[in-house]
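Residue numbers start from 1 in every chain, and the chains themselves are labelled A, B, ... in the order their sequence lines are given, proteins ahead of strands.
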Amino acid sequence: MLRDITLGQYYQTNSLLHRLDPRVKIMGTLVYIISLFLFRNLFVYLVVLGCLVSMIKLSKVPFSFMVRGLQPVMMILFLTVICNLLFTKGTVVYSVWLITITREGIELAFYMTVRFIMLIIGSTLMTLTTTPTQLTDGLESVLSPLNKIKVPVHEVAMMMSIALRFIPILMEEADKIMKAQLSRGADFETGNIFHRVKGMLPILVPLFISAFKRADDLAMAMDARCYRGGEGRSKMRPLIYKNVDRRAYMVMIIYLIIIVAVGVFV
Amino acid sequence: MRMIVDHISYTYKENKKPTIQDVSFEIKEKEILTIIGQTGSGKSTLIQQMNGLLRPDTGTIYYHGKDVFDKDYHLRDLRSKVGLVFQYPEYQLFESDVFSDVCFGPKNQGMSKKQAELKAFAALRMVGVPEELFYVSPFELSGGQKRRVAIAGVLAMEPEILILDEPAAGLDPQGRKELLSMLVKLKEEKNMSIVLVSHSMDDVAEYAERVMVLRDGKIAYLDTPKNVFSHKEELEAMGLSVPQITHLMYSVRAAGGMVDVNCHTIAEAKEAILKLYGRG
């Protein structure tokens, strides 16, 4: 039942990308996303595509996993393509009844699709090669300058990691409650939508109650261990840049230069 | 024979090793069958199959001679006749008051409001929840009372077979005793078959008519408590044990008192020790 859903996209293997510091990967993804939106030029996209493919090769993650990340957004993508095709004004190439398709529309839809797919695959690649814990640690460190303007970065990162930690627990709990209510003859599948929503109550109420209870217990346990926020707190595994990471930053800079060069001169 | 479990095996998707391997047994009318086994031996998985919540990979289960995994068989019918009380059942409570929560099961069975309320009333009485608590929120009750209400929620459906996964876990000694004698009463008065998953060998020795010992998803023993507990070494090798009183009898024996060590209840031990003094 619910247990079949896998959470967190992390793909366990040992590759160069997996070993990189999470901060590098976050910055890299950011650079990649910026590069996608800098120019609307076919050659730039070929360069980006080349880089993306070599990164995927480097990560040793099977390509099917990237495609899996695309599935949930396929619908949105499809809708944007339709809208772009139908509602962009310009030179008409094809027209029938109320539908007119323009050159600009096709162009826009094409670039939109390319950007979108590459954006999703690129960020999927990051989550596939970085564990959720590493990711939050990395985010905390990358966003730490925001501390200066009184953004509680550590607290936000802590909330994220707690949330991530509790997802599997709550899933298991939901599964347990669902089974218990099924044994009491509950019915989640038949009837109209109102009936079904009402049928979910016997699961949702106990689930929320137990979530609140767990939150209380966790807060108490953290208090008992004298947790008082991020100030002066050290890490068991601090993030330290290694040589590989420095080289990765160099690669990023070179990549950005190439993109700009291609975008401006080609 | 109410239920026949026929050579079932089950493997969880994420595991390679089967959790249940070729298990067969039957549940007789009006009996208390206990299931013991180390954590991970497949007890919880097994009882979920008996309620139709998990479908065995191979083998099947017959309830009153009908294959419950047959296409024409409605699992809801099975679930209303085979009640399953999960471990820590209090988490299933959700209604705004105790009484309506207990009505949930019978209402799902398609009973009228009036009928459901009658069943709920009887079930709450049976588990010993006082009437002044009927209309308070279940979340205001103490742990032991919540447990009773949750069990009443299953009892109100009037099952023929009642399966309980460690119902006494976390209860105080008094609550434990009350709960177990309630199960005996259900068996005697309502002719129910009780399947009890337990970690307490003392309870098993005292209340069970038959004991099933599970080891790595297979039945290691299925016999009377007396016969099962005579395998002291084998049970201990499985991470299980024998009742406290049996340990005592072994100590008496070691100290030179020639008693029969195969005593598993206090009454039996008393007899044996008295016999020792009668002779000496």
In this structure, are over 12 heavy atoms from other groups packed under 6.0 Å from [X] atom [atom1]?
| X | atom1 | value |
| --- | --- | --- |
| B:His74 | NE2 | no |
| B:Met111 | CE | yes |
| A:Phe78 | CZ | no |
| B:Arg125 | CZ | no |
| B:Tyr73 | OH | yes |
| A:Arg19 | CZ | yes |
| A:Leu79 | CG | yes |

Query - Criterion side-chain contact (heavy atoms from CB on, under 4.5 Å) on B:Tyr91 and A:Glu173, from CA distance to verdict - result: CA-CA 9 Å; B:Tyr91 59 71; A:Glu173 199 123 309; 5.9 Å; no

Query - Region of A:Leu207 in contact with chain B, defined by heavy-atom distances below 4.5 Å - result: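 The answer is neither part of A:Leu207.
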
Query raised in the report: Quick one: does A:Ser183's side chain get under 4.5 Å of B:Val154's, heavy atoms only?
Result: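 Of all side-chain heavy-atom pairs linking B:Val154 with A:Ser183, none is under 4.5 Å.
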
Query - Heavy-atom side-chain proximity of A:Lys179 to B:Leu54 below 4.5 angstrom - result: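 When only atoms from C-beta onward are counted, B:Leu54 and A:Lys179 do touch, with a gap below 4.5 Å.
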
Requested in this report: Output the distance between atom CD1 (A:Ile209) and atom CD (B:Glu90), rounded to the nearest 0.5 Å.
Outcome: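 Reported value, rounded in 0.5 Å steps: 12.5 Å.
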
Query raised in the report: B:Gln87, B:Lys107, B:Arg76: which one forms the most heavy-atom pairs within less than 4.5 Å of chain A?
Result: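 The answer is B:Arg76.
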
Query raised in the report: In terms of heavy-atom pairs under 4.5 Å, which option from B:Val85, B:Asp101, B:Val82 contacts chain A the most?
Result: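 If we count pairs closer than 4.5 Å to chain A, B:Asp101 comes out on top.
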
Enumerate donor-acceptor pairs with a distance under 3.5 Å from any side-chain N or O in residues 216-228 of chain A to protein atoms, sequence neighbours excluded.
{"unit_1": "A:Asp217", "atom_1": "OD2", "unit_2": "A:Lys213", "atom_2": "NZ", "d": "3.2"}
{"unit_1": "A:Tyr227", "atom_1": "OH", "unit_2": "A:His154", "atom_2": "NE2", "d": "2.8"}

Query raised in the report: In terms of heavy-atom pairs under 4.5 Å with chain B, which of A:Leu201, A:Leu204, A:Ile177 leads?
Result: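 Maximum pair count with chain B is reached by A:Ile177.
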
Report task. Flag the one option from A:Pro202, A:Ser210, A:Ala180 with the top tally of heavy-atom pairs under 4.5 Å to chain B. Result ->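 The option with the most such pairs is A:Pro202.
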
Query raised in the report: With only heavy atoms counted, which part of B:Leu84 is less than 4.5 Å from chain A, the side chain, the backbone, both or neither?
Result: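 B:Leu84 touches chain A through backbone and side-chain heavy atoms alike.
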
Query raised in the report: Is the side chain of A:Gln181 donor-acceptor paired with the backbone N or O of B:Gln92 at a distance under 3.5 Å, no angle test?
Result: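 Answer holds: yes.
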
